[in-house]
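Notes follow once the structure below has been shown.
In the text below, chain A, chain B and the rest are named by the order of the sequence lines, each starting its count at 1.
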Amino acid sequence: MSKSDTLIKINQLYKIFGDGQDNALELVKNGVGKEELLDKLNCVLGLNNINLNIKKAKIQVVMGLSGSGKSTLIRHLNRLIEPTSGEILVNDTDILKLNAKELVQFRQNNMSMVFQKFALFPHKTIIQNVGYGLAVQNIPKDEWIEKATKWINRVGLEGYETYYPGQLSGGMQQRVGLARALATDAEILLMDEAFSALDPLIRSEMQNILLDLQSELHKTIIFITHDLDEALKIGDRIAILRDGSMVQDSDPQEIIMNPADDYVSDFIKDINRARVIQAKSIMTHTKTKSSGPVVQENMVLEDILQIMSDDPSKPVTIENSKGNITGKIEMANLIEGMKRPKSQGTNITG
Amino acid sequence: MDWFFKFPDMSRSDLREFKKSVDFAFTDFSRTYGEGIENFFEPLLMFLVSFEKFFINTPWPLIVLGIILLAWIGSRSILIVIGTFLSFMLIGYFGMWEDTMSTLAIILVATFLCISIGIPLGVAMARSNKVQATIVPILDVMQTIPSFVYLIPVVMLLGIGKVPGLIAVCIYAIPPIVRLTNLGIRLVDKDALEAADSFGANYWQKLFGVQIPLALPTIFAGVNQTIMMALAMVVIASMIGVKGLGLPVLQAVSNQYLALGLMNGLAIVVLAIIFDRVTQKFGLRMQKYRNDGKD
């Protein structure tokens with residue numbers, strides 16, 4: 001199986017909160033918007049025709065402002081919320097068709113979740129929390145204790161096994177949350193704004209822990225966030241939701257270079273472009289070597305600027321990870337790449 | 001305009017007939033099924049009687065020892081243990097030992113009954129809004145109807161004795177445990193439940209692993225209230241033949257014996273305070289994870 005295989009397929013997923021859903025669904029499919037629906041039928045449009053393919057062993061980020069439906073979407077994947085219509089295929093099984101027993105099985109073996117507010121069990125010790133997903137599968141105690149201990153060590157919480165969650169700091173609690181999710185060896189990891197409640201330093205540390213674990217475990221991760229920097233740091237792909245609809249789903253570089261609409265432009269306008277845009281996104285394609293130094297195609301513009309500043313007149317040569325030359329960048333390209341696209345306005349105040 | 005000034009009530013004879021038919025219907029019912037119901041409660045009577053006998057026949061020093069031991073296990077407070085010891089010595093010294101033992105027996109049996117019926121009932125209410133909507137009005141009636149009123153059908157069915165007394169006490173004392181179990185489970189953090197769901201816990205795993213443990217403080221407040229209400233009901237239950245501290249109080253009321261009434265009344269109060277303090281302390285200790293996990 002190649003790494004780009006699709007593991008989860010979400011097809012035409014709709015979620016409408018409130019009574020009279022059949023009527024409402026009809027209206028929504030005919031193009032009635034969120035506010036009109038609320039006026040007419042007193043129903044809230046949660047998700048509007050979501051189609052998303054999530055690749056195996058990749059981190060799929062889902063972004064959006066509060067109320068855009070991202071937490072609703074992730075809860076459909078393990079059916080903490082039931083959809084109004086649509087299908088979600090995991091390994092070609094429609095999980096929306098699972099009966100109660102199969103669903104329990106599926107949750108135990110295939111998917112685990114990390115929550116924004118940690119959602120640890122306050123009356124259980126750390127090791128009991130981490131082993132919970134195993135204990136509900138009726139795995140013998142010494143076996144789940146052993147696995148839980150391993151994961152507690154892996155997230156760096158040795159010695160805290162018998163503590164209660166209330167005795168740990170927020171960052172440590174979320175490590176417990178992460179260990180609890182990893183302990184079941186589920187292939188799919190759902191992370192619902194998992195690091196949003198943490199302060200910036202701890203958040204960055206947790207992101208590194210996650211990336212570190214991912215390089216070793218190759219889970220399929222669906223990561224919800226409202227923080228673009230976080231999305232760019234960890235996402236292999238980023239999907240952006242607005243009012244329950246999918247606005248854009250693409251490569252992180254693509255989101256920055258070609259935002260689909262003003263909403264996405266708004267999202268990206270405050271980021272430091274020089275620090276996130278990579279050479280391959282702005283280079284001129286060519287196979288011939290240029291006069292300047294050679295750099296990797298995933299190098300960010302800020303670093304290229306540093307290199308080019310020695311002799312700005314010489315364009316740098318870009319090569320891919322296999323060492324083949326793929327393009328070149330001149331100083332003018334750099335400036336063009338760092339400035340905001342026209343559609344985003346200038347935003348200069350003084 | 002006559003109906004405007006005089007309420008259009010049913011005629012006297014109709015009313016008399018109505019009351020008669022209700023009375024006769026219930027009398028018939030109790031004649032036909034009374035014995036069966038009595039037999040049904042027979043094991044309960046045996047249980048209560050043997051409990052009472054055990055308390056009365058065990059030498060008093062052993063009982064006192066047992067009680068202060070329980071008080072220690074429950075509260076871990078030397079103050080409460082000393083208070084308990086002194087209280088029971090005084091009760092015995094003033095000649096109320098046997099009555100106190102009878103009361104203890106019925107309170108313990110009533111509490112046991114209320115817990116074993118009340119907690120499952122509360123759990124069922126928390127699970128379904130329909131069940132809740134059905135049971136809440138019944139609890140309202142049980143808590144507000146004057147206790148003498150439900151003594152009538154109970155006595156008609158089962159006569160005078162320990163079992164009808166016990167049932168009367170339970171009817172009066174069970175609502176708090178049912179209500180607070182329901183409330184406690186409904187108040188359990190939704191996030192924790194969602195987490196349990198996401199790991200594929202089934203209903204029973206969620207109930208016993210997450211909901212009940214997190215609801216325990218509230219459930220325990222219910223147990224505490226149930227014990228308090230059972231103690232309060234002891235005097236009224238003595239009207240239908242329950243022995244214990246209530247009986248002397250009843251005699252004192254009808255004969256204006258001030259000292260007798262005060263002594264026995266205060267003995268009930270002392271029991272109540274001991275039960276209350278011990279169960280509350282126990283309830284607090286059960287949630288040590290709330291105070292940073294320190295004991």
Side-chain angles (χ1 to χ4, degrees), chain A residues 71 74-75 77-81 98 100-126 128-138 144 160 162-168 176-177 180-184 186 188-192 197, chain B residues 119 122-124 126-130 133 180-181 183-223 279-295:
Chain A
S71 288
I74 203 175
R75 277 169 175 68
L77 293 175
N78 57 1
R79 273 177 66 188
L80 288 175
I81 298 179
L98 299 180
K101 214 172 192 172
E102 291 165 338
L103 180 61
V104 162
Q105 284 284 323
F106 176 78
R107 285 170 174 171
Q108 287 179 355
N109 301 321
N110 299 66
M111 248 183 216
S112 56
M113 192 159 176
V114 184
F115 295 84
Q116 179 176 12
K117 289 182 214 138
F118 319 143
L120 301 178
F121 304 113
H123 61 295
K124 292 181 187 289
T125 58
I126 299 309
Q128 286 170 333
N129 265 287
V130 173
Y132 185 80
L134 301 166
V136 295
Q137 298 176 31
N138 296 321
W144 69 250
Y160 288 98
T162 56
Y163 282 54
Y164 287 95
Q167 296 169 282
L168 304 188
V176 177
R180 179 176 68 175
L182 292 171
T184 61
I188 302 166
L189 190 58
L190 307 177
M191 304 189 73
D192 180 22
Chain B
I119 290 184
V123 168
R127 187 182 191 181
S128 138
N129 284 335
K130 274 186 194 153
L180 286 165
T181 302
L183 180 72
I185 290 183
R186 280 176 184 262
L187 286 184
V188 165
D189 189 13
K190 294 279 174 295
D191 289 348
L193 276 183
E194 207 175 40
D197 267 330
S198 76
F199 285 100
N202 63 32
Y203 173 75
W204 299 105
Q205 287 171 330
K206 271 188 289 177
L207 183 66
F208 290 112
V210 180
Q211 290 176 301
I212 288 185
L214 287 177
L216 262 190
T218 317
I219 294 178
F220 224 75
V223 173
T279 51
Q280 272 194 17
K281 284 264 181 187
F282 184 63
L284 276 180
R285 280 201 307 113
M286 275 192 315
Q287 22 169 341
K288 59 176 178 175
Y289 61 87
R290 270 169 218 256
N291 338 313
D292 286 350
K294 286 172 204 100
D295 216 340

Subject >> Flag side-chain contact, heavy atom, 4.5 Å: Tyr132(A) against Val210(B) >> reply: yes
Original post:
If you count the non-hydrogen atoms of other residues, nucleotides and ligands that lie under 6.0 Å from NZ in Lys281(B), is the total more than 12?
Top reply: no
Subject >> Evaluation steps, side chain to side chain contact (heavy atoms under 4.5 Å, CB included), between Arg107(A) and Phe199(B) >> reply: CA-CA 6 Å; Arg107(A) 285 170 174 171; Phe199(B) 285 100; over 6 Å; no
Original post:
When heavy-atom pairs shorter than 4.5 Å are enumerated against chain B, which of Gln108(A), Met113(A), His123(A) gives the highest number?
Top reply: His123(A)
**OP:** Would you give the length of the straight line joining atom CZ of Arg79(A) to atom CG of Asp197(B), rounded to the nearest 0.5 angstrom?
**Re:** 11.5 Å
Original post:
Given side chains that start at C-beta, do those of Phe115(A) and Ser198(B) come closer than 4.5 Å, heavy atoms only?
Top reply: yes
**OP:** Test side chain to side chain contact (heavy atoms under 4.5 Å, CB included) on Gln205(B) and Asn138(A) and set out the steps.
**Re:** CA-CA 10 Å; Gln205(B) 287 171 330; Asn138(A) 296 321; 3.9 Å; yes
**OP:** Could you look at Arg180(A) and say if it's the side chain, the backbone, both or neither that has a heavy atom under 4.5 Å from chain B?
**Re:** both
**OP:** Tell me, yes or no, whether the heavy-atom count around Phe121(A) atom CZ, taken from other residues, nucleotides or ligands under 6.0 Å, exceeds 12.
**Re:** yes
Subject >> Region of Lys101(A) in contact with chain B, defined by heavy-atom distances below 4.5 Å >> reply: neither
Subject >> Nearest non-hydrogen partners of Ala119(A) and Ala195(B), listed with the distance >> reply: O-CB, 3.5 Å
Subject >> For Asn78(A), side-chain hydrogen bond (donor to acceptor under 3.5 Å, both in side chains) partners two or more places apart >> reply: none
